[in-house]
Trainee: 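Below are the structure tokens for one structure; questions will follow.
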Amino acid sequence: EVLAAAPNHRFFIEMKDGQGIGRATAQVIQEANAADRCTVASISPLFLEEFHAHAPQVATAYDLLSAADMLNALRGGDWTAYQPPHRMLALSPKLKNRFNITSEEFTRIKEKGILICMFTLNSPEEMQQAIEIGADNILTDRPSLLATLIKKQQED
């Protein structure tokens, strides 16, 4: 219903739990003709695998295992040959710190065409840091605060 009600909006959908969740999510997106405006995430590689089997054309976000593989390629593997299996890297500040991702690494990740999504940022400091690293998406419970920060940056 939401996909139909907002046909000009993009959606970030997180699959949480449940048997057949990947297939069911793929079916809903395809029935709504929304494949080109959705990115699907899950902490579970198995849910993402199931989803991808039913909707390979829909963008997905890295899970923890594939993010670790990507960072290994970036930090010591063959980054030149690395082919991103997902479209977006979604990180909380805690995960960003856990993976110890530097500004230079964010730049290199983005050069591969991988979008950066930071979630759930509710303080001005967190939002400003995400803006500075070039986050493509910022998820927040305080959109008016984020809008004010973005407007201020555009004026400077």
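Computed from heavy atoms alone, side chains included, the values below leave out hydrogens, waters and symmetry copies.
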Trainee: Mind listing the closest non-hydrogen atom pair of Ala130 and Leu121 along with its distance?
Mentor: CB-CD1, 3.5 Å
Trainee: Keeping the roles fixed (side chain from Lys112, backbone from Thr80), state whether a donor-acceptor pair exists under 3.5 Å.
Mentor: yes
Trainee: Start with the C-alpha gap between Cys38 and Arg10, add the side-chain angles, then the distance that decides, and say whether side chain to side chain contact (heavy atoms under 4.5 Å, CB included) holds.
Mentor: CA-CA 6 Å; Cys38 292; Arg10 298 193 55 76; over 6 Å; no
Trainee: Indicate yes or no: at least one non-hydrogen side-chain atom of Leu91 is less than 4.5 angstrom from one of Cys117.
Mentor: no
Trainee: Rounded to the nearest 0.5 Å, how far apart are CD of Gln153 and OG1 of Thr148?
Mentor: 13.0 Å
Trainee: As an exercise, state the distance from OG of Ser92 to CG of Asn97, rounded to the nearest 0.5 Å.
Mentor: 8.5 Å
Trainee: How close do Met127 and Ile138 get, heavy atom to heavy atom, and via which atoms?
Mentor: O-CD1, 4.2 Å
Trainee: Which atoms form the tightest heavy-atom contact between Trp79 and Ile109, and what is the distance?
Mentor: CZ2-CA, 4.1 Å
Trainee: Between Asp141 and Thr120, is the side chain to side chain contact (heavy atoms under 4.5 Å, CB included) condition met? List the steps.
Mentor: CA-CA 7 Å; Asp141 297 321; Thr120 302; 3.6 Å; yes
Trainee: Give the minimum heavy-atom separation between Leu115 and Asp136, together with the two atoms involved.
Mentor: CA-OD2, 3.3 Å
Trainee: A side-chain contact here means heavy atoms from C-beta on lying under 4.5 Å apart; do Leu64 and Ile43 qualify?
Mentor: yes
Trainee: Could you tell me the separation between the OG atom of Ser44 and the CD atom of Glu50, rounded to the nearest 0.5 Å?
Mentor: 9.0 Å
Trainee: With rounding to the nearest 0.5 Å, note down the distance linking CD in Glu125 to CG in Leu149.
Mentor: 9.0 Å
Trainee: What I'd like to find out is whether the side chain of Ile131 reaches to under 4.5 Å of the side chain of Ile150, using heavy atoms alone.
Mentor: yes
Trainee: Given side chains that start at C-beta, do those of Asp156 and Lys152 come closer than 4.5 Å, heavy atoms only?
Mentor: yes
Trainee: Taking the side chain as every heavy atom from C-beta outward, state whether Ile114 and Arg87 have any atom pair closer than 4.5 Å.
Mentor: no
Trainee: Could you grab the distance from atom CD1 of Ile116 to atom CG of Leu89, nearest 0.5 Å is fine?
Mentor: 4.5 Å
Trainee: Work out which heavy atom in Phe12 is nearest to a heavy atom in Ala41; give both atom names and the distance.
Mentor: CZ-CB, 3.7 Å
Trainee: Using the rule given for side chain to side chain contact (heavy atoms under 4.5 Å, CB included), can you reason through Ile133 versus Met118, listing the C-alpha separation, both sets of side-chain angles and the distance that settles it, and then say yes or no?
Mentor: CA-CA 10 Å; Ile133 64 162; Met118 296 297 299; 4.2 Å; yes
Trainee: Verify side chain to side chain contact (heavy atoms under 4.5 Å, CB included) between Phe99 and Lys94, making sure each step is shown before the conclusion.
Mentor: CA-CA 9 Å; Phe99 283 125; Lys94 186 176 180 179; over 6 Å; no
Trainee: Any chance you could measure Arg108, atom CZ, to Ser103, atom OG, to the nearest 0.5 Å?
Mentor: 13.5 Å
Trainee: Holding to salt bridge (charged side-chain N to carboxylate O under 4.0 Å, His left out), I want the full list of residues that pass it with Arg75, two or more places apart in sequence or in another chain.
Mentor: Glu105
Trainee: Is Tyr62 linked to Leu65 within one hydrophobic cluster, defined over Ile, Leu, Val, Met, Phe, Trp and Tyr using a side-chain heavy-atom separation of less than 4.5 Å?
Mentor: no
Trainee: Determine the minimum heavy-atom distance between Lys110 and Gly134, stating which atoms define it.
Mentor: NZ-O, 2.9 Å
Trainee: side-chain hydrogen bond (donor to acceptor under 3.5 Å, both in side chains): which pairs involve residues 16-35, sequence neighbours left out?
Mentor: Glu14-Lys16, Gln27-Glu31
Trainee: Should side-chain heavy atoms under 4.5 Å link Ile, Leu, Val, Met, Phe, Trp and Tyr, which residues sit in the same cluster as Ile13?
Mentor: Val2, Leu3, Phe11, Met15, Ile21, Val28, Ile29, Val40, Phe47, Leu48, Phe51, Val58
